[in-house]
Protein chains: 2
Amino acid sequence: MAGDPPSRVTSLDVARRAGVSQSAVSRVFTPGASASKRTVEKVRKAAEELGYRPNVLARAMITGKSRIIGLVVAYLDNHFYPLAVERLSVELQRQGYHVLVFMASNTIGDVQSVMQEILDYQVDGIVLASVSMSSVLAGRCDDLGIPVVLFNRTQPDPRLASVVTDNHEGGRQIAHHLVAGGAARIGYIAGFEGASTQIEREAGFLEGLDEAGARLEFRGVGNFQHETARAAALEMFAGRDRPDAVFVCNDHMAFAVMDVLRAKLGLDVPGDVAVAGFDDVPIASWAAYDLTSFRQPLDAMVSRTVEVLMERIADDAVTPRRHTLQGELVRRSSTRPTEDRA
Amino acid sequence: MAGDPPSRVTSLDVARRAGVSQSAVSRVFTPGASASKRTVEKVRKAAEELGYRPNVLARAMITGKSRIIGLVVAYLDNHFYPLAVERLSVELQRQGYHVLVFMASNTIGDVQSVMQEILDYQVDGIVLASVSMSSVLAGRCDDLGIPVVLFNRTQPDPRLASVVTDNHEGGRQIAHHLVAGGAARIGYIAGFEGASTQIEREAGFLEGLDEAGARLEFRGVGNFQHETARAAALEMFAGRDRPDAVFVCNDHMAFAVMDVLRAKLGLDVPGDVAVAGFDDVPIASWAAYDLTSFRQPLDAMVSRTVEVLMERIADDAVTPRRHTLQGELVRRSSTRPTEDRA
DNA sequence: CTGAAAGCGCTTACAG
DNA sequence: CTGAAAGCGCTTACAG
């Protein structure tokens, strides 16, 4: 009784029952293929009765198309990524693809081995969310004709397509907003130093401050992590000599910073300190935080990612490039109101 | 130039270069198989030089084991699920499996069609997180010998294994805790009425109230959704006749309720109203909420889920059952302290 | 439109 | 330990 290999229904079974050839069955289940109305009927009937469904794996082996997209993601505790994963899955499902998920910590070695595993599954494309990747590996994917898209991260390698928000511009607008709100002593809490998002947001912020005649006086590193951001905030704000405005490189860390400011240090936001974040994840709009943030256009990012993927799957020759989408400053009560808005 | 099908390296290529048979190559890449040291060396060398890796799909077709686990999940906005997905992926990767993600809204029809797609991929097992499933479909999976595990949900069908926290006991403890804290007028905000978690938590809560000599006076429905929970809270607390304690069926909704109470209605938590949630997601411990909650033992739930899956993959005859794990009440400042704790 | 045949890249009895 | 051969479940030229 135990361990009877439950024999799956194959196309040959259906063919026999329908009184046609295996080829005919295959054609009925292949969208573009030609089959007479009569054949289609017979086959559909037999398939229905037998509970037949084509084996995707077998099909994949022949066509070379698995209709699987590999998705590598590092940490799901920043709420931006679960949402991205959700939208991406839904969008890809709609197109007849499915997502094979791989968790990777952000160390290159780990990403590398995970990528190898992905390739073993003959995926049709790869999306790297929140992780970087070595150029060597990128080249290997390229040789194999497998498109790779970096999501919310960029890299100099031109063979890598990427989809990002204009992080530089976001940082710039935050700077102007803070200064316009009367910020005089300004701080910045950085994300992981190696990340392009971190680098570009900070560069934009500094440029914005410069344009506004202000400058950065405090800097801490939160590494994109809740706990580390807490510690960074504690250090930056503990003394008497502290910022009256701080830009935190993403919302996830900004929540930690606000908690420290209010609950731990008894400071008022934005009375004592204005706080701005980046991403505009849903929590940012929750009353407990009501955080001013630069919104990443998540839906547009996801759509573009899927477009890029589909385009390159259809045509190897498409040249990968960086896709920069526009974000939007969302002003909320964690920063002081500015004149141009009054 | 464009569209050269990039020919992948096959086991035959490696065999030729190593001067051995295809079988030999296969054996070298099959963990248990026997091969002489010399063969192993030659093959590994040739494989390395050619950049060969076995095609998982081809292997899957023969062995009948895809090493893919299908994961169906509904909404990723409740932070409990992203974490579950993350842990599950990591744990499964460790065991040499990978997760194919399918998003499904909670309508049965949708789950059904998604399940069909999953089966097309010849998955070795299925985890349903936060969604239910028809018995018919469950039977179909069973016939195919594909184990299904419900995660954080149960159903009467005995062919379905499930892993849950003791939701009834959780509700019970919350009731005792609220009453011990002096609650006199008690409210409950329900999740989706069809969900086993909702049903069991509420039943436990009612039983606990009864034991403590109290009773439920207010009831709203939040459907496990942020917005709906807001509305329910607004309705429940708007009048003068309102609860002084409320149990919200999960943390995700409890945050919405707290926001409404404090920001919208100007009430103090727990001064005017004590609030308790369920799950103990990370945000619950953030200072802005500091929410009393019944903790689900996420790691244990994930480990158990993987165990159950592996057990049944190894042996079809294992009888599916319900696995109920113990949770733990985490008391925080959103509820009033109780004597037994002073 | 349709079927017989070959083949996708691998594994697995079967002999040796 | 090793190789030749068959076969997993499908698709796709190739004839008809």
Side-chain angles (χ1 to χ4, degrees), chain A residues 5-44 46-47 50-68 96 119-124 144-145, chain B residues 5-44 46-47 50-68 96 119-124 144-145:
Chain A
S7 71
R8 270 131 157 131
V9 181
T10 73
S11 61
L12 208 55
D13 297 328
V14 177
R16 277 198 272 263
R17 173 176 266 256
V20 299
S21 73
Q22 197 183 23
S23 321
V25 176
S26 174
R27 289 194 190 98
V28 170
F29 282 95
T30 305
S34 58
S36 70
K37 210 176 155 192
R38 203 167 137 47
T39 302
V40 171
E41 267 168 22
K42 284 192 296 185
V43 169
R44 289 228 177 280
L50 260 32
Y52 169 77
R53 301 210 105 215
N55 181 330
V56 174
L57 267 33
R59 174 178 288 171
M61 258 191 37
I62 298 168
T63 62
K65 298 287 156 209
S66 63
R67 301 197 78 82
I68 296 177
L119 293 177
D120 294 348
Y121 280 92
Q122 314 296 119
V123 297
D124 292 343
L144 262 37
Chain B
S7 70
R8 267 128 159 134
V9 181
T10 74
S11 62
L12 208 55
D13 297 327
V14 176
R16 276 198 270 265
R17 173 177 267 254
V20 298
S21 73
Q22 198 182 23
S23 322
V25 175
S26 174
R27 290 191 189 100
V28 171
F29 283 95
T30 304
S34 58
S36 72
K37 210 175 153 189
R38 202 166 136 48
T39 301
V40 172
E41 265 168 24
K42 283 192 296 187
V43 170
R44 289 227 177 280
L50 261 31
Y52 169 78
R53 301 209 106 215
N55 181 331
V56 173
L57 266 33
R59 173 179 289 171
M61 258 193 36
I62 299 169
T63 62
K65 298 285 156 210
S66 63
R67 301 197 78 84
I68 296 178
L119 293 177
D120 294 348
Y121 280 94
Q122 314 296 117
V123 296
D124 291 344
L144 262 37

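This structure is a prediction, so every number in the text was calculated from the model and none was measured. Computation of the quantities below employed the complete heavy-atom set of this structure, encompassing side-chain atoms and omitting hydrogens, waters and symmetry-equivalent molecules.
Between A:Ser26 and D:dT11 there is a side-chain N or O to OP1 or OP2 distance below 4.0 Å. The phosphate of C:dA4 (OP1 or OP2) has no side-chain N or O of A:Ser21 nearer than 4.0 angstrom. Proximity of A:Thr39 to the phosphate of C:dC1: no side-chain N or O atom is located under 4.0 Å from OP1 or OP2. The side chain of B:Ser34 contributes no N or O atom lying less than 4.0 Å from OP1 or OP2 of D:dT2. OP1 or OP2 of C:dC10 has not a single side-chain nitrogen or oxygen of B:Arg59 nearer than 4.0 Å.
Rounding to whole angstrom units, CD1 of residue A:Ile62 and C1' of C:dG9 are separated by 11 Å. Note: CZ (B:Arg8) to P (C:dG7) measures 20 Å, nearest angstrom. Following rounding to the nearest Å, B:Gln22 (CD) and D:dA5 (P) show an atom-to-atom distance of 12 Å. Here the C1' atom of nucleotide D:dG9 and the CG atom of A:Leu57 are 10 Å apart, to the nearest Å. Put simply, CZ on B:Arg27 is 10 Å from P on D:dC1, counting in whole angstrom units. Rounding to whole angstrom units, CG of residue B:Leu12 and P of D:dA5 are separated by 13 Å. Residue B:Arg16 contributes atom CZ, which lies 12 Å from atom C1' of C:dG9 at whole-angstrom precision. Regarding A:Arg53, its CZ atom lies at a distance of 17 Å from the P atom of D:dG9, rounded to whole Å.
Across all strands shown, B:Tyr52 has heavy atoms under 4.0 Å from sugar-phosphate atoms exclusively, and none from any base. Note on A:Ser23: a base of the nucleic acid sits closer than 4.0 angstrom, heavy atoms only. Contacts of B:Thr63 with the nucleic acid, taken as non-hydrogen atoms under 4.0 Å apart, involve only primed sugar atoms and P, OP1 or OP2.
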message: Between B:Leu57 and B:Met61, is the side-chain contact (heavy atoms from CB on, under 4.5 Å) condition met? List the steps.
response: CA-CA 6 Å; B:Leu57 266 33; B:Met61 258 193 36; over 6 Å; no
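Both tests hold for B:Arg44 against B:Phe29: distance to the six-membered ring centre under 6.0 Å, angle to the ring axis within 45°.
Among D:dG9, D:dT2, C:dG9, the nucleotide with an atom closest to any side-chain atom of A:Asn55 is D:dG9. If you check D:dG9, C:dC10, D:dG3 against the side chain of B:Ala24, the one that comes closest is D:dG3.
Residue order along DNA chain D, read from the 5' end via each residue's closest nucleotide, puts B:Lys37 first among A:Pro54 and B:Lys37. Mapped onto DNA chain C by nearest heavy atom, B:Val25 and A:Ala35 fall at different nucleotides, with A:Ala35 at the one closer to the 5' end.
Between B:Arg53 and A:Leu119 there is no side-chain heavy-atom pair separated by less than 4.5 Å. Between A:Val56 and A:Arg67 the shortest side-chain heavy-atom distance does not fall below 4.5 Å.
Without hydrogens or angle criteria, A:Ser66 side chain to A:Gln122 main chain gives a donor-acceptor distance under 3.5 Å.
C:dA4 is unpaired under the criterion used here, namely a Watson-Crick or G-U wobble arrangement in which both key atom distances are under 3.5 Å.
Distance check: A:Arg27 CZ to A:Ser11 OG gives 12.0 Å after rounding to the nearest 0.5 Å.
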